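Presented below is the structure to which this report refers.
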Amino acid sequence: MQPKARPIQRFAQAVSKCTTEAAVYGQCVFADYNSVHKDKCAKEFMKLKNCYLV
Amino acid sequence: MRLNLPRACRPQSLRSLASPASARRTYAFQAPGGAVFKVFNSRAKWHQKERAAANPELSRQADYLKEEVAMRVCERLLDIKRHFPRVLDLGANSCNIARALTRENPDPDPATPTSPPLASKITSLIAADSSAALLHRDAALPLTSPLNLTRQVLPDDESLPFAPSSFDMVLSSMSLHWINDLPGVLAQINSVLKPDSPFIGAMLGGDTLFELRTSLQLAEQERRGGISPHVSPLADVRDVGGLLGKAGFQMLTVDVEDIVVDYPDTFALMQDLQAMGEGNAVLGREMGAIGRDVLLANEGIYRALHGNEDGTLPATFRIIHMIGWKEGGNQPKPLKRGSGEVNLKDILEAK
């Protein structure tokens, strides 16, 4: 029997389906990474989060 | 103003008064009883190692880095034409050095197609580590060639319970980077070595995991507006030479090697680090797991900042190799300053 997947593995699995959203968010932070502040890319992050929660 | 001192007071004549025994000064690198700067939580580190060893299958799978480094450490033994009756492996993890020593054909030189395993140079090896579970992980598996291996569990990582001048060599692979008091441990290594014996070690240092460090910092900064250390502070190459010198080692060799491993995603990287027992054990860290938001953000940022073109994520491990010899015997020593008779400029310009 397959051992039960750790929660983090299920999380990783879910995140791997959202590569486009992750790339958009990553680019947003990367574009100006010397002046990152809280919620700089909140909009992009919410899109990414919505994608993985679905 | 010029003082006209009588001849006996001039420095030259003072120097001749000093007895030869007091001529050699040792470096006082730490005041006795002084506080040791604590960076790592050694108890947390011990738990991580025990926990990693509790899953032998996963732990063996993630052993690729330690096996590789142990092999590279042991390859340095090929250059020393000597037999070592008693050898210590300090911070042995899962006895990776013992496995590397018993490997067939360690010499990559094509002129010698079959070389004996390095273990033939060693009579007995003592593998010492504080984590009993990790040390005994592969105790039931046979080694590929005979080696008199003793496993010894240390009460803690930072004090060596061995008699002075009792080892012909000390090896250490991938564990010194978790030591709080590195100068103290190096001095202890120097003291347990017999005169004119080598210490050969390797540890993580410098820019190890800089990709993970930077992307986690950016992710935390963007998501939570502040950062907490997730990757250890590590010794730099230029510090190591000084540390070895202060511990009393002679004829130092320090060099670095970068090993870059590609991972499919950040979760695979962090899972492997955990299985290696190399998780975060910095004292000032925020306790508990990293939040999901930060992990999610980290995945995207790591890929944008450092990702390879084929979609994999590189992780750099910078290995600092060090060799030092305990003073003694008729070891070659550097000549006195100013005793050179040939001008190097003449030789280099004539070429």
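A note on names: the letters A, B, ... follow the listed sequences, proteins ahead of strands, and every chain is numbered from 1. All figures in this text were calculated on a predicted structure; none of them were measured in a lab. Atoms considered below: every heavy atom in the structure, side chains included; atoms not considered: hydrogens, waters and symmetry mates.
The structure places CD1 of B:Ile301 at 7.5 Å from SG of A:Cys41, a figure rounded to the nearest 0.5 Å. In this structure, OH in A:Tyr52 is found 5.0 Å from CZ in B:Arg292, a value given to the nearest 0.5 Å. In this structure, CD in B:Gln221 is found 9.5 Å from NE2 in A:His37, a value given to the nearest 0.5 Å. With rounding to the nearest 0.5 Å, the separation of NZ in A:Lys49 from CG in B:Asp293 is 3.5 Å. For the atom pair B:Arg223 CZ and A:Asp39 CG, the distance stands at 5.0 Å (nearest 0.5 Å).
Contacts of A:Val29 with chain B are made by side-chain atoms alone, with heavy-atom separations under 4.5 Å and no backbone atom involved. Only the side chain of A:Gln9 comes within contact range of chain B, with heavy atoms under 4.5 Å apart. Within the 4.5 angstrom heavy-atom criterion, no atom of A:Ala14 approaches chain B. Residue B:Gln217 does not touch chain A at all, counting heavy-atom pairs closer than 4.5 Å.
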request  = Take B:Leu218 and A:Phe30, measure what side chain to side chain contact (heavy atoms under 4.5 Å, CB included) needs, and give me the verdict at the end.
outcome  = CA-CA 9 Å; B:Leu218 285 177; A:Phe30 177 55; over 6 Å; no
task = Could you go through the side chain to side chain contact (heavy atoms under 4.5 Å, CB included) check for B:Gln271 and A:Arg6 one step at a time?
result = CA-CA 11 Å; B:Gln271 198 184 328; A:Arg6 293 171 66 189; 4.1 Å; yes
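Within a 6.0 Å radius of CZ in B:Arg72, more than 12 heavy atoms belonging to other residues, nucleotides or ligands are found. Within a 6.0 Å sphere centred on NZ of A:Lys38, heavy atoms belonging to other residues, nucleotides or ligands number more than 12. More than 12 non-hydrogen atoms from other residues, nucleotides or ligands lie less than 6.0 angstrom from CZ of B:Arg60. Other residues, nucleotides and ligands contribute over 12 non-hydrogen atoms within 6.0 Å of the CZ atom of A:Phe11.
Using a 4.5 Å heavy-atom cutoff, the side chains of B:Phe267 and A:Val15 are in contact. When side chains are defined from C-beta on, A:Phe45 counts as touching B:Leu296, because their heavy atoms get closer than 4.5 Å.
Put simply, the side chain of B:Glu222 gets close to the backbone of A:Lys40: a donor and an acceptor are under 3.5 Å apart.
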